Trainee: 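Encoded as structure tokens, here's the structure I'll be asking about.
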Amino acid sequence: MCGRYTLKVDTSQVAARFHVPPTDVSVETGPRYNIAPSQMNPVIIADGDNHLELMQWGLIPAWSKEAKTSYSTINARVETVATASSYRKPLRRQRCLVPATGFYEWQVIGGKSGRAARQPFYFTLAQNRGAEGSAEQIFAFAGLYDVWRGADGRELHTYTIITTGGNDLVLPVHERMPIIMPREVEQRWLDPTITEPDELLALLQPYPAALMHAYPVSATVNSPANDDQHCITPLAGLGLAVLENGFAVASVV
DNA sequence: CCAGACGTTGTT
DNA sequence: GTCTGG
DNA sequence: CCAGACGTTGTT
DNA sequence: GTCTGG
């Protein structure tokens with residue numbers, strides 16, 4: 001799954017990275033180290049030109065009676081996104097890019113009674129190492145959005161992130177991972193003239209493990225109230241080396 | 001036909 | 001245990 | 001995703 | 001809004 005991610009750059013850098021005219025950006029958000037569901041975050045949409053908009057993480061279908069859902073919509077499985085009631089139309093007509101610089105997954109450590117202990121890991125794109133502060137580290141998740149309209153006319157723009165099975169780097173930590181768009185696929189994903197589900201599904205592939213990087217982080221990230229550099233500070237220990245060799249990280253607790 | 005769901009992950 | 005809030 | 005709440009009446 | 005279950 002993907003239930004937490006980072007976007008540690010300014011809105012202006014996001015806009016530049018996704019070809020959004022600076023004059024089009026009316027919102028300014030600072031660097032984020034712990035983006036959580038329900039929060040308002042930048043997403044990119046296109047109608048000929050690219051636009052940056054703030055939307056709420058957790059898709060609320062246009063037909064929903066209330067401005068909330070009784071079920072989770074922070075992620076959409078690629079296996080069912082073309083048929084699920086909540087996502088079928090958004091897949092054809094309301095696709096977006098979700099700008100990010102990294103994401104978190106939690107590895108279940110124990111498994112005894114009650115809720116097992118969990119070790120968070122931080123995942124980034126490997127080619128971005130050493131690109132601190134530059135636009136080079138920004139990538140995009142494949143996303144869908146919808147617009148909910150209340151009786152009083154108010155609009156609520158919401159989005160979801162599409163997930164797929166974990167690749168070899170992610171699997172030791174978690175079964176699933178978000179779909180990261182290769183840069184050359186981004187604009188096609190946004191292209192409103194494409195509405196064939198099969199053509200769109202073909203764009204949704206697991207990102208190659210060889211192009212990603214991961215390391216364990218402290219429990220600081222667990223609380224969405226913590227939103228600073230400490231969330232992505234590497235946790236010292238055996239976990240990193242073991243993980244990069246592709247084995248489970250039972251040694252990290 | 002109408003009523004009711006519409007979702008994911010993880011855990012058992 | 002389960003739902004809500006962030 | 002995890003953390004934190006989970007309830008009522010009446011009074012300040 | 002649209003699909004599934006009864």
Side-chain angles (χ1 to χ4, degrees), chain A residues 1-7 29-30 32-42 54-94 98 100-123 141-151 156 158-166 170-179 195 197 204 206 214 216-228 230-232 235 248:
Chain A
M1 192 192 200
C2 176
R4 226 64 86 72
Y5 64 94
T6 66
L7 183 58
T29 56
R32 296 293 310 278
Y33 296 87
N34 198 358
I35 292 176
S38 82
Q39 296 175 345
M40 300 292 288
N41 306 300
L54 289 188
M55 296 193 193
Q56 182 176 292
W57 187 8
L59 187 146
I60 297 166
W63 43 260
S64 182
K65 290 186 179 68
E66 297 179 279
K68 60 190 179 87
T69 57
S70 59
Y71 48 94
S72 176
T73 54
I74 65 171
N75 294 138
R77 296 172 63 91
V78 68
E79 297 92 333
T80 55
V81 71
T83 53
S85 301
S86 297
Y87 305 135
R88 189 180 145 133
K89 184 186 168 203
L91 175 68
R92 285 183 287 123
R93 312 275 180 199
Q94 293 151 194
V98 182
T101 48
F103 66 94
Y104 301 97
E105 295 290 355
W106 278 258
Q107 180 184 48
V108 177
I109 298 297
K112 306 280 198 274
S113 58
R115 189 180 167 80
R118 283 152 194 281
Q119 170 60 50
F121 284 77
Y122 184 53
F123 294 85
F141 297 126
L144 304 175
Y145 72 95
D146 209 342
V147 180
W148 181 88
R149 292 177 179 80
L156 186 58
T158 59
Y159 72 96
T160 190
I161 295 171
I162 301 175
T163 63
T164 187
V170 177
L171 269 180
V173 175
H174 196 80
E175 293 287 314
R176 315 262 325 159
M177 68 177 192
I179 289 185
T195 57
L204 303 175
V217 293
S218 77
T220 298
V221 70
N222 286 9
S223 175
N226 300 325
D227 186 9
D228 56 45
H230 190 41
C231 289
I232 61 170
L235 191 70

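Just so we're clear, the structure is a prediction, and the values are computed from it rather than from any experiment. Letters A, B, ... mirror the listed sequences (proteins, then strands); counts begin at 1.
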Trainee: Given the P atoms of dA3(B) and dC6(D), what is the spacing between them in whole Å?
Mentor: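 35 Å, rounded to whole Å.
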Trainee: Give the nucleotide from the list dG7(B), dC2(D), dG6(C) with an atom nearest to the side chain of Asn222(A).
Mentor: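 Closest nucleotide to the Asn222(A) side chain: dC2(D).
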Trainee: With side chains defined as the heavy atoms from C-beta onward, is the minimum distance between Thr6(A) and Tyr104(A) less than 4.5 Å?
Mentor: yes
Trainee: For dT9(B) and dC3(E), measure between their C1' atoms and round to the nearest Å.
Mentor: 24 Å
Trainee: With a 4.5 Å limit on heavy-atom distance, are the side chains of Pro42(A) and Leu54(A) in contact?
Mentor: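 Pro42(A) reaches Leu54(A) side chain to side chain.
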Trainee: When Ile161(A) is tested against each of Val98(A), Leu59(A), Ile74(A) for side-chain contact (heavy atoms from CB on, under 4.5 Å), which residue passes?
Mentor: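 When Val98(A), Leu59(A), Ile74(A) are each tested with Ile161(A), the side-chain contact (heavy atoms from CB on, under 4.5 Å) holds only for Val98(A).
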Trainee: Kindly assign one of parallel, tilted or perpendicular to the pair Phe141(A) and Tyr5(A), based on the angle between their ring planes and the thresholds 30° and 60°.
Mentor: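 Answer is perpendicular, since the angle exceeds 60°.
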Trainee: How far does the P atom of dC2(D) sit from the matching atom of dT12(B), given to the nearest Å?
Mentor: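 Comparing P positions in dC2(D) and dT12(B) gives a spacing of 14 Å.
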Trainee: Starting from P on dT9(B), measure out to CZ on Phe103(A) and report it in whole angstrom.
Mentor: 13 Å
Trainee: Grab the CG-C1' distance between Leu59(A) and dT8(B) for me, whole Å please.
Mentor: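 Going from Leu59(A) (CG) to dT8(B) (C1'), I get 13 Å.
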Trainee: Rounded to the nearest 0.5 Å, what separation is found between the OH atom of Tyr145(A) and the CD atom of Gln94(A)?
Mentor: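 One gets 5.0 Å once the value is rounded to the nearest 0.5 Å.
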Trainee: Measure the distance from CH2 on Trp57(A) to C1' on dC2(D) and round it to the nearest whole Å.
Mentor: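 That distance rounds to 12 Å.
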Trainee: Heavy atoms under 4.0 Å, any strand shown: does Ala225(A) hit a base, just sugar-phosphate, or nothing?
Mentor: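 Counting heavy atoms under 4.0 Å across all strands, no contact is made by Ala225(A).
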Trainee: Can you name the one residue among Thr220(A), Asn34(A), Val217(A) that meets side-chain contact (heavy atoms from CB on, under 4.5 Å) with His230(A)?
Mentor: Thr220(A)
Trainee: Give Thr163(A) one of three labels, base, sugar-phosphate or nothing, depending on what nucleic acid heavy atoms sit under 4.0 Å from its own.
Mentor: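 Sugar-phosphate contact only - Thr163(A) comes under 4.0 Å of backbone atoms but never of a base.
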Trainee: Do we see Trp63(A) stacking on the base of dG1(E), given a limit of 5.5 Å between centres and 30° between planes?
Mentor: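 A stacking contact exists, since Trp63(A) sits close and nearly parallel to the base ring of dG1(E).
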Trainee: Send over the distance from Gln119(A) CD to dC2(D) P, rounded to a whole Å.
Mentor: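 Result: 12 Å.
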Trainee: Tell me which nucleotide among dT8(B), dG6(C), dG7(B) gets nearest to the side chain of Gln39(A).
Mentor: dG6(C)
Trainee: For atom C1', what is the distance between dG10(D) and dT2(C), given to the nearest Å?
Mentor: 29 Å
Trainee: Do Phe121(A) and Val170(A) come close enough that some side-chain heavy atom pair is under 4.5 Å?
Mentor: no
Trainee: Just the dot-bracket of DNA chain D, please: which string comes out with Watson-Crick or G-U pairs under 3.5 Å, [ ] for crossing, | for another strand?
Mentor: ||||||......
Trainee: Just the rounded figure in Å: distance from C1' of dT9(B) to CD1 of Ile162(A).
Mentor: 17 Å
Trainee: Which of residues 77-90 of chain A have a heavy atom under 4.0 Å from DNA chain E?
Mentor: Ser85(A), Arg88(A)
Trainee: Quick check for you: to the nearest 0.5 Å, what is the distance between Thr164(A) atom OG1 and Glu175(A) atom CD?
Mentor: 12.0 Å
Trainee: Can you check the Glu66(A) CD to dG7(B) C1' distance for me, whole Å?
Mentor: 17 Å
Trainee: State, with a plain yes or no, whether a side-chain heavy atom of Asn41(A) is found less than 4.5 Å away from one of Leu7(A).
Mentor: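 Answer no - side chains too far apart.
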Trainee: Just the rounded figure in Å: distance from C1' of dT2(E) to NZ of Lys65(A).
Mentor: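 My rounded result for the distance is 12 Å.
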Trainee: Among the candidates dC1(D), dT8(B), dC2(D), find the nucleotide nearest to the side-chain atoms of Arg118(A).
Mentor: dC2(D)
Trainee: Listed by chain and number, what are the side-chain hydrogen bond (donor to acceptor under 3.5 Å, both in side chains) partners of Arg88(A), not counting sequence neighbours?
Mentor: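 Partners of Arg88(A) by the side-chain hydrogen bond (donor to acceptor under 3.5 Å, both in side chains) criterion come out as none, since no residue qualifies.
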Trainee: Can you find an N or O donor on one side and an acceptor on the other, under 3.5 Å apart, linking the side chain of Ser38(A) with the base of dG6(C)?
Mentor: yes
Trainee: Please report the distance, rounded to the nearest Å, between CD1 in Ile35(A) and P in dC2(D).
Mentor: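 So the CD1-P distance, Ile35(A) to dC2(D), works out to 17 Å.
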